Amino acid sequence: MDGINLNALSENATRLGMRIQETIAEHTRDLSLTRGGSSLFDMADDKAKNITKQLESSSDREKLDAMKRLIALISKNRPVSSYFPAVVKNVASPNLELRKLVYIYLLRCAPSEPDLALLSINTFQRDLADPSPLIRAMALRVLSGIRVPTVATIVLMAVRKSAADPSPYVRKAAALAVIKVYKVDQAHHPTLLDIMTILLRDRSPLSLGTAVLALDTIAPSRLDLLHVHFRRLCRALPDIDAWGQVDVLRVLVRYVRTMLPKPVPASERQGEEVDKDLKLLLACAEPLFMNKNPAVVLAVARAFYYLAPSSMLSKISAPLLRLLSVSREVERVALAYLLVVARSHPVLFITSHNRFLVRVDDAEQVKRRKISVLLALCTVDNHQTLLREFMDYAQDTDDSVVGDAIHAIGRIASLVPSSTPQCLTALMGMINSKQDTIVSNAVLVLKSLVQNQLLTPSSTSTTTLPTPFSSQQALLTSYIPSLTPSISTSLSAAPLSFTSTESTSVAQAPLSIIAQLAQRIDDIRHPHARACVLWLVGQYGSVTGTKTTVEGVADWAPDVLRKAARSFNTEASLVKLQTLTLAAKLILLAPTHRTLVLLAQYVFTLARYDEDWDVRDRARMLRTLLVGAVTGIMGSNDEEGIGENWNKEEQAGRPGVVLRREQVTRVLFEGKTGTIEEELVADARPLGTLSLVMESESLHLHDDDDDETVIDLPEWLEQGIDPALRDSDDDAPQVALSVQAISSQAISSQRVPTPTGSTVVLTPIGGSTPKDTKDWRDLNKFYASESESEDEEEEEEEEEEEEEVEVEEGSGIGEDSGEDEETSDDEEDEEEHDPSSSHERTS
């Protein structure tokens, strides 16, 4: 018997174990735990062929597995439209998980297969009445995703029905469907506006953000529809989802600048204040600075930048600086905003310039943005630190960063004139570098600084030096070191100081700088930099009052022309043009010098047969211009037929105008030293645009926007519209019910009959109501008054108890008195407690 029981127990245990294994295998198969989720993405082609059979199977498990495989194929951008008929059959499946996957598939494939999606449109309409709000929302999304104009009316009816749905999730889907219907057929615009008025009255923050986005999409100019909803949107702003907050803030910024008056600065304010609705928006948006979503923080910063008065702009500095440490991607976008704000309001970030120092692992665009921000924050106090930083950045491996850093050094010299000697020392050392990028950019910046110095009256005395070039070079080389680490060390140790008056004048002499550049013309290979050196040599190569090899021309100028003529055929077109101009200027300064004239003729002859027509035209123009000023500029076999026998008779009979030497000098030399264009103070690209981040000229919010969706930041109105238009039922003052004191007199006053139709006004009587309401606003005084009242009540209760004890003792002593006395005493007590009864007795 015991053996039979043991056998039965073992068999039952075996069956139970098998049942448990089957159950676990069944559940783990549904959860994809046994095979792993990666098997769906790495399935073979033969398994993909079985998807249709699985979809037509009667098992929900097989259908779920097939739908998961289809979603995996969609994620890999594989074509899955061939399974559309088999998937549509399962759209009415009772399995909720299966229906969700079917709707995900239909959302992806319905726009590409609208004809097949029309076959199941009745099912979608039935699902709009499903008890589950998730199914109703997904059915509306699929229905609006069928972009066929013939069914736009049906979709519009579904949208109108869903706009009044009790679920806010479905109403949010209805707002998104409005955008899709508008893009399919714009003829339903009036009906969509009626639906938008219903959605804008929604009280749920879940759908408000999407409703505002839909209104901005279908009717961006109808901001008047937001009049009665403006204050409610401001109050609901903290409760709206993150991406909805971004859209709402963008629309409200346009609304405020279009409908509200411009805030008056504090210096110009005369009894006027910031509009109360603008205060409401800023007060409701300020807590969003602490939002975890960087897009929300940037949207709030944009709203404060364009709407807030100057006294409130300081609130945007800390949130923007906080975004620099979120991630590399967010840092790039935040720097674009910071650059715009720093250029217009540098005071906000001057104390935080250390946050913008360039790191080695920063991206190229981030480095360039940081250099621009540091340059915008340059002041007299921090220019020494920034100059050392820019000199270090000039050694970067990225050529664009090197160029920006060197140009920033030149910009510091123009912003802080006292730092010009330091900047010139650094730049003159950079031209000795072996890197072409450093040399070329240093030459470009030196050209600008030389022009600025020659334009100032203080530098006129240094344009012509009394000493010859050899002495100038000796003094200059003894003072200006080459580009070695000693420059950085000397600048970082202490500011540069110039103790010698002679060395100071030489270091700042523009001709000394040009002489250094002319000496290193062979080492300068960048076309733009070589062209700058040639222009400087030709423009400032004249010397008066000094004995030189070529009278009136600096000793280093002819040699520069010789080197340029030797490499003329291999130079870029820009360098060739400046070589021709240099040759024309030098022979105009020394028209009798035979060597210079022959060298110029050689250059003009080479330019005559050049491939670039600009070079040919420049050579023809200059030779014709110099005909009356320089003898022998035209060869004896020239195409013009004019040689050395050019005389006044031939000049008089030749058509056209021939200029004298003085006139040609005015044409070639004067008017060539215009002011240098300064960097723009403010960026023309507004905040919140893609062009600001990508540094492009487009003003679109998104890359795929058309011309109708250009971000328009309207100008402020002087007066604004009537604030009463923004009044709504939510703004009506609520009547507060005052707590009345309860007393015997108040109760008796309520018993007085009042005439019908009159209003009963209950007023507190007696001293129970506190006279000074300010004491009740203080929490400590409030609790103190309560404790005092409780002590008084306890004392009164103790007194009453003592009186009762005394009465009982008195009644015990007078027990032998007569009944008449007791009756009379009782009646007297009753009269004391109830005066009405004694009144009846007397009557």
Side-chain angles (χ1 to χ4, degrees), residues 125 128 136-137 140-141 143-234 236-237 240 243-260 277 701-702 705-712 714 721-722 724-730:
Q125 289 181 311
L128 291 175
R136 295 199 302 270
L140 181 62
R141 290 178 61 187
L143 194 60
S144 59
I146 304 175
R147 300 181 180 180
V148 179
T150 55
V151 297
T153 305
I154 300 175
V155 178
L156 192 61
M157 294 174 59
V159 173
R160 183 188 294 274
K161 178 181 178 182
S162 300
D165 195 273
S167 174
Y169 184 75
V170 180
R171 296 195 298 269
K172 180 179 180 179
L176 294 173
V178 168
I179 302 176
K180 295 180 182 179
V181 174
Y182 176 75
K183 291 182 178 180
V184 172
D185 190 0
Q186 299 183 5
H188 300 287
H189 187 263
T191 307
L192 294 176
L193 283 180
D194 296 338
I195 298 175
M196 287 309 307
T197 56
I198 299 174
L199 292 173
L200 288 174
R201 290 197 296 265
D202 200 339
R203 299 286 178 177
S204 175
L206 182 62
S207 58
L208 268 180
T210 312
V212 174
L213 174 63
L215 177 65
D216 187 48
T217 303
I218 69 173
S221 60
R222 292 297 307 274
L223 295 176
D224 57 304
L225 296 177
L226 296 177
H227 284 330
V228 296
H229 308 293
F230 176 79
R231 294 167 184 168
R232 183 166 55 85
L233 287 174
C234 293
L237 192 59
I240 299 175
W243 297 111
Q245 289 171 347
V246 176
D247 296 326
V248 172
L249 282 171
R250 178 169 49 84
V251 175
L252 291 183
V253 167
R254 285 200 299 118
Y255 178 88
V256 169
R257 292 179 67 97
T258 306
M259 303 296 179
L260 271 64
D277 290 328
L701 177 65
H702 302 290
D705 289 343
D706 52 10
D707 295 335
E708 297 181 357
T709 58
V710 175
I711 295 298
D712 183 20
I721 64 172
D722 187 7
L725 295 175
R726 290 185 287 273
D727 294 339
S728 61
D729 297 338
D730 298 337

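Since the structure is predicted, the reported quantities are computational estimates derived from the model, not experimental observations.
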Could you state the interatomic distance from [atom1] ([X]) to [atom2] ([Y]), rounded to the nearest 0.5 Å?
| X | Y | atom1 | atom2 | value |
| --- | --- | --- | --- | --- |
| Leu176 | Leu213 | CG | CG | 7.5 Å |
| Met157 | Thr191 | CE | OG1 | 11.5 Å |
| Asp727 | Phe230 | CG | CZ | 12.5 Å |
| Leu252 | Leu260 | CG | CG | 10.5 Å |
| Ile198 | Ser162 | CD1 | OG | 11.5 Å |
| Ile154 | Leu143 | CD1 | CG | 8.0 Å |

N/O donor-acceptor pair under 3.5 Å between [X] side chain and [Y] backbone:
| X | Y | answer |
| --- | --- | --- |
| Arg171 | Pro166 | yes |
| Thr197 | Asp194 | yes |
| Arg257 | Pro714 | yes |
| Arg232 | Asp202 | yes |

Evaluation steps, side-chain contact (heavy atoms from CB on, under 4.5 Å), between Asp277 and Arg231:
CA-CA 7 Å; Asp277 290 328; Arg231 294 167 184 168; 2.8 Å; yes
What are the two closest heavy atoms between [X] and [Y], and how far apart are they?
| X | Y | answer |
| --- | --- | --- |
| Arg141 | Ala173 | CG-CB, 4.4 Å |
| Ala175 | Thr210 | CB-CG2, 3.6 Å |
| Ile218 | Pro220 | C-CD, 3.8 Å |
| Leu193 | Leu225 | CD2-CD1, 4.2 Å |
| Val155 | Ser144 | CG1-CA, 3.8 Å |
| Met259 | His227 | SD-CE1, 3.8 Å |

Are the side chains of [X] and [Y] in touch, meaning some heavy atoms are under 4.5 Å apart?
| X | Y | value |
| --- | --- | --- |
| Leu223 | Val251 | yes |
| Arg254 | Asp216 | yes |
| Arg250 | Val246 | no |
| Asp247 | Val212 | no |
| Leu215 | Leu200 | yes |

Aromatic centroids of His189 and Tyr182 separated by under 6.0 Å
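Yes, ring centres under 6.0 Å apart.
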After noting the C-alpha distance and the side-chain angles of Arg726 and Tyr255, does the key distance pass the side-chain contact (heavy atoms from CB on, under 4.5 Å) rule?
CA-CA 12 Å; Arg726 290 185 287 273; Tyr255 178 88; 3.4 Å; yes
Pairs in or reaching into residues 150-167: which pass salt bridge (charged side-chain N to carboxylate O under 4.0 Å, His left out), with residues at least two apart or in two chains?
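Every salt bridge (charged side-chain N to carboxylate O under 4.0 Å, His left out) pair that includes a residue of residues 150-167, provided the two are not neighbours, is Arg136-Asp165.
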Give the intermediate values and the outcome of side-chain contact (heavy atoms from CB on, under 4.5 Å) for residues Leu156 and Ile195.
CA-CA 9 Å; Leu156 192 61; Ile195 298 175; 4.0 Å; yes
Passes side-chain contact (heavy atoms from CB on, under 4.5 Å), Val248 versus Leu208? Steps please.
CA-CA 9 Å; Val248 172; Leu208 268 180; 5.9 Å; no
